[in-house]
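Treat the numbers as computed from the prediction; the structure is a model and nothing was measured. Atoms within each ligand, like the ligands themselves, are counted from 1 in listed order. In this chain, residues are counted from 1 in sequence order.
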Amino acid sequence: LKSETVEALAGAQTRAEWDAVRVGTLGRSGKLTGLLRQLGTFPPQERKERGQSLNRLRDELTVLIETRGQEIEEEALQKRLNDEKVDVTQPPAMPMVGKIHPISRTIEEITSIFSAMSFRVAEGPDVETQWHNFSALNTPDHHPARTDQDTFYVPSEQEGGEPRVLRTQTSGVQIRTMLDEGAPVRIIAPGRTYRADHDATHSPMFHQCEGLVVEENITLGHLKGCLVEFLRVFFDKPDLPVRFRASYFPFTEPSMEIDIGWSRKTGEIGAGEDWLEVLGAGMVHARVLANCGLDPQQWQGFAFGMGIERLAMLKNGIPDLRSFYESDLRWLRHYGFSA
Ligand code: PHE
């Protein structure tokens, strides 16, 4: 029985297996207990001797079993310590940190530059009335920009109501701000704009930033000084060549487009022979001021609008407009900005 028990104990690897051996030996129906029970069937002399040796055996087995029990506890503890060991020299698993999208970042940069010139940020709705998006901005009913080839129309919720448009420009915010607040005003309005157009350089949804200043005695000189300053700070080039070229917008008179010097060959800004258009601007048309209840004899202003994607592409060397909206994580990690 002793060698049998020793062998069984050596085979027991878990507490449960060990307990089975213990119960099977010393328990109420265990093997040793069985032998002790049989003592009564022996004659007195033999019973005494056998009893003594069985008691010794029981003491020995008890010690063996307890010892093995402690070993098993010890092994289990050791295993846990090994499994749960922490290597403090391992580099930590860093959490993935998001990046700021180049469009958001560019809006932040533009906002910060104009804030320093006391502009504040104004907003308007993406779904705009035709009046705010076109009519109040002196855009005639027959103007080609109004055709549904260029403009997304949103049917009215009311029977027979006039359709609204997905704003084609942020210029409607000029109207809303002048109507809400009168003059003087000095705002920029970054936001989403929409046109029915899609290719490598046009997206049906894109971003613009509008600007509007209306004060007394505002001149073209203010417009030029403000925008040259903005462009030179934005592109971080104090000598950036800036050119004002006559153009046409219904809501400004005179109107102009603004180009910066760059090299078509290398894409470098502020270098080379070529010009690149980055802004539309002009003096606020007297009719637009009047549409907003302001007397053009008293108030003058200038307005400007810029494409955010175009500025972000130029500044950060981003080649394809469509990549802004693809949410490709590799692209975002490459062109995104750390907070
Ligand atoms: N809204 C014009 C555009 O989308 C830009 C602009 C804004 C021009 C303000 C003049 C004044 O092209």
Side-chain angles (χ1 to χ4, degrees), residues 106-107 110 114 117 119 121-126 128-140 143-147 149-152 165-178 185-197 201-215 218-220 222-228 230-231 242-260 276-289 291-292 294 296 299-312 321:
T106 304
I107 291 175
I110 294 170
F114 282 107
M117 298 193 259
F119 284 71
V121 173
E123 287 184 328
D126 286 22
E128 187 54 287
T129 68
Q130 294 186 49
W131 188 78
H132 288 92
N133 192 75
F134 292 125
S135 311
L137 288 160
N138 197 37
T139 309
H143 194 281
R146 289 191 185 232
T147 67
Q149 281 176 35
D150 292 299
T151 302
F152 293 111
V165 297
L166 295 187
R167 65 179 177 188
T168 59
Q169 51 189 358
T170 42
S171 301
V173 185
Q174 290 184 35
I175 305 299
R176 289 184 174 273
T177 310
M178 285 188 275
V185 287
R186 201 183 285 198
I187 54 118
I188 56 166
R192 291 193 174 133
T193 45
Y194 307 83
R195 287 181 200 175
D197 213 347
T201 52
H202 296 91
S203 154
M205 188 280 295
F206 58 105
H207 296 75
Q208 284 191 340
C209 183
E210 195 76 12
L212 173 69
V213 172
V214 178
E215 286 168 31
I218 289 288
T219 70
L220 193 56
H222 296 111
L223 179 159
K224 292 181 80 170
C226 174
L227 294 179
V228 169
F230 163 72
L231 289 168
V242 178
R243 178 172 83 170
F244 291 77
R245 184 165 39 79
S247 183
Y248 173 78
F249 299 101
F251 36 89
T252 47
E253 180 58 34
S255 300
M256 61 213 70
E257 281 169 324
I258 299 161
D259 304 330
I260 56 172
L276 195 64
E277 183 207 321
V278 288
L279 283 163
M283 302 305 290
V284 180
H285 198 294
R287 234 178 264 156
V288 173
L289 292 170
N291 288 341
C292 299
L294 297 176
W299 302 103
Q300 298 80 43
F302 66 86
F304 53 90
M306 60 189 98
I308 309 251
E309 281 81 351
R310 143 91 31 130
L311 290 176
L321 174 78

**Q** Output all residues satisfying ring pair (Phe, Tyr, Trp, His ring centres under 6.0 Å) with F119, sequence neighbours left out; order by chain, then residue number.
**A** F114
**Q** Pick out which of Q208, H207, H202 makes a side chain to side chain donor-acceptor pair (under 3.5 Å) with E309.
**A** H207
**Q** Under a 4.0 Å heavy-atom cut-off, what residues line ligand 1?
**A** Q169, S171, Q174, R195, Q208, E210, F249, F251, T252, G280, A281, A303, F304, G305
**Q** Going by the rule ring pair (Phe, Tyr, Trp, His ring centres under 6.0 Å), which residues pair with F249 if we only count those two or more places apart in sequence or in a different chain?
**A** F251
**Q** Before accepting this row, confirm whether a basic side-chain N of the pair D126/R167 lies closer than 4.0 Å to the acidic partner's carboxylate O.
**A** yes
**Q** Give every donor-acceptor pair under 3.5 Å between a side-chain atom in residues 277-287 and any protein atom, sequence neighbours left out.
**A**
unit_1, atom_1, unit_2, atom_2, d
H285, ND1, R287, N, 3.0
R287, NH1, N138, OD1, 3.1

**Q** Is the closest side-chain donor-acceptor distance between T106 and R310 under 3.5 Å?
**A** no
